[in-house]
Amino acid sequence: MASISVQETDFDIAAEIATLKGDRTDMGAIVTFTGTVRDIAGDLQAMTLEHYPGMTEKEIARVAEEAEKRWSLVECRVIHRYGKLLPGDNIVLVITMSAHRHAAFEAADFLMDFLKSRAPFWKLEETNKGGQWVDAKESDADALKRWEQLQ
Amino acid sequence: MASISVQETDFDIAAEIATLKGDRTDMGAIVTFTGTVRDIAGDLQAMTLEHYPGMTEKEIARVAEEAEKRWSLVECRVIHRYGKLLPGDNIVLVITMSAHRHAAFEAADFLMDFLKSRAPFWKLEETNKGGQWVDAKESDADALKRWEQLQ
Amino acid sequence: MQLVYFAWVKERIGKSEEEMHLPGDVRTVDELIDHLISINDIYRAALNDKAAIRVAINQTHVGLDHPVTDADEVAFFPPVTGG
Amino acid sequence: MQLVYFAWVKERIGKSEEEMHLPGDVRTVDELIDHLISINDIYRAALNDKAAIRVAINQTHVGLDHPVTDADEVAFFPPVTGG
């Protein structure tokens, strides 16, 4: 069963891996993805992540369950932050553990594509010109299609 | 420039990420791959990794440089351990940092495929039946071919 | 029916949620949006561009042709941008 | 010429490295292996199955047809299994 957290606080990758792994020796591959606040134009003061409490957890759990089935993952963990973040801050952590590396890589890649296009989060970027809601990217919707074609 | 370490000691993922990232805010995606000693049959006592000092570092640096060019990575770090390891112990860490997540995922995947088939390491598995050198896997050689076709 | 709004949809409507009675002749999400747009210019400014709006009913993504009932929680928001 | 051995090649030959003079008529890796095999059964047991042996010259992977000189460091080992 995937472990999901939607939280304001930061996360510690090493601690999350240690907890998830425990003393198991049946996994050979651990992949983590960390998404961070990127200051593209050099003028970002802060980013606020709004989300839909309740739906967020359900949507992430649904997708994580699909990933676990599809790649027979040993363990799976998703942490997504909300609230006010600064440039460089962590936004999201995905951890996948599997017997084999390609399963762990693909499952993490898949989870991120689905989080980007399905999890109800919205980014508000604050610069000295004011607040601006980030537009969804066409490329994220396209990324999602890769997994539909593979099914 | 990729940062390469070949060492007997364990590594701390969180510390490695923090050092590599510093206070940069131009990366949005951080992918890590950790390979651990897997006890497939449940009878593994230890695994000893032998390597070719000098060639190991050169070979990893060459491949990491290719990954950095091919995916325009912001940062790249490879740590590979040698010596005696126990089931569950860390063997290898790859960290890729990029503006975009697909570049970070692909570069880490590529680096692992090349490490598996090109870096001069050999695994000796010790069970109560004695020591046994691990055979190279056909699937690892096949995995490498994916990247040649894409070039 | 409970209506909830997020991101710029919430800002344009000026509230994050509200209770509303579902008119008997409104059966789908598409018809609900048309109904809201007909109420006043505030809803019109927020929801008029249906291609820019995403909808969830009872916290599940749905399309414009999905049925809606007076017992539902209906959420309107822009395409998501998390991760 | 410096010869170095790893993993089960090292175990079969019984040492990890040795100095050896390269005979004048040996020009390629393939010919060097044939030469070593001709020395005695120990080298034969370690190197006879050329398909199972990988070679590096001066710490770079090479094929059987690669030229070899008396100034080279030549490594023999099984296919690698790191990572």
Select one option (side chain, backbone, both, neither) describing which atoms of A:Asp135 are under 4.5 Å from chain C's heavy atoms. backbone
Selection from [options] maximising heavy-atom pairs under 4.5 Å formed with chain C:
| options | answer |
| --- | --- |
| A:Arg118, A:His51, A:Lys137, A:His80 | A:Arg118 |
| A:Tyr82, A:Tyr52, A:Phe114, A:Phe121 | A:Tyr52 |
| A:Met112, A:Lys58, A:Met55 | A:Met55 |

Apply side-chain contact (heavy atoms from CB on, under 4.5 Å) to residues C:Val68 and C:Val62 and explain how you reach the verdict. CA-CA 10 Å; C:Val68 57; C:Val62 297; over 6 Å; no
Regarding A:Arg77 and A:Thr32, do their side chains bring together a donor and an acceptor under 3.5 Å, going by distance alone? no
Does the side chain of A:Glu126 come under 3.5 Å of the side chain of A:Thr48 through a donor N or O and an acceptor N or O? yes
Do other residues, nucleotides or ligands put more than 12 heavy atoms under 6.0 Å from the CD atom of C:Glu19? yes
